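Following: one structure in structure tokens, then a few remarks.
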Amino acid sequence: MKKFAIAVDGPAGSGKSTVAKAVAKKLGIIYVDTGAMYRAVAYFCIQKGVSTLDEKGVLPLLTEIRLEIQPQRGGQRIFLDGEDITDSIRTQEIGQGASHVGTIQSVRQKLGDMQREMAKNYSVIMDGRDIGTYVLPEAEVKIYMDAGADERARRRMGELKAKGEKPVFEMVREEIIKRDENDMNRKCRPLRKAEDAVYLDTTAMSIDEVVEEILEITKIRIGEV
Ligand code: DC
């Protein structure tokens, strides 16, 4: 089977990673969570006592940071200086920080290069904000996954509760909306639907339905998989 790429973009909490992981498992291809890479940069900044809003402070850290991405069956682990930080970066604070460092051009350049490199030799499904538009513009399949803000906040609440946290709906909703505004309005490679992406409004769809839809679109675009 010829190598292919599936790009999945969309706003925070739209369920991209859950769906992309499931599709990767079904197709036996590599899943790349690019949000985790922006989160890792934010985590590193916070560790070093540098504000994620301080571009001048963040830039020198980019030459220091040692990131390693390990694709695993149905998932991905991310390491910073050899330490597995996959679970520690899943907080609201780091999500917001990731959105801030994502506005810095050199950060996008560095992470974008790493992401393209990962898709060079293997079939991948990659999720993020600028995958179909910038990182993998030649991707055979492009999906823009959306859902209403209330539904996205509900999904995020479920994830946080599953981790034993006690989230407040209004705060979760507000954080998601703030992050979307920042991601859609930044100058450098903002979140946009690629012209040739399929728009999926998943508000009333289950995870399984979205997975099936993406598998169907993939089959149409690249033949039997
Ligand atoms: O997908 P996520 O929620 O883990 O992403 C966290 C933040 O990282 C997101 O709000 C913006 C930034 N990001 C980005 O700018 N570009 C990407 N391709 C992925 C994430």
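We number each residue from 1, following the sequence as shown. Just so you know, these numbers come straight off a predicted model, no measurement behind them. Numbering of ligands and ligand atoms starts at 1, following listing order.
- For Glu138, there are no salt bridge (charged side-chain N to carboxylate O under 4.0 Å, His left out) partners at least two apart in sequence or on another chain.
- Two residues are said to be in side-chain contact when any heavy atoms from C-beta on lie closer than 4.5 Å; Arg189 and Gln109 meet this criterion.
- Arg152 and Thr202 share no donor-acceptor pair across their side chains, judged by distance under 3.5 Å alone.
- A search for salt bridge (charged side-chain N to carboxylate O under 4.0 Å, His left out) contacts involving Glu117 returns Lys120, not counting sequence neighbours.
- Closer than 4.0 angstrom to ligand 1 lie heavy atoms from Thr34, Gly35, Tyr38, Arg39, Arg90, Ala98, Ser99, Arg108, Gly128, Arg129, Asp130, Arg179, Asp183, Arg186.
- In the model, Ser206 has no side-chain atom that pairs as donor or acceptor with a side-chain atom of Asp208 under 3.5 Å.
- Partners of Lys21 according to the side-chain contact (heavy atoms from CB on, under 4.5 Å) rule, which considers only residues two or more places apart in sequence or in another chain, are Tyr31.
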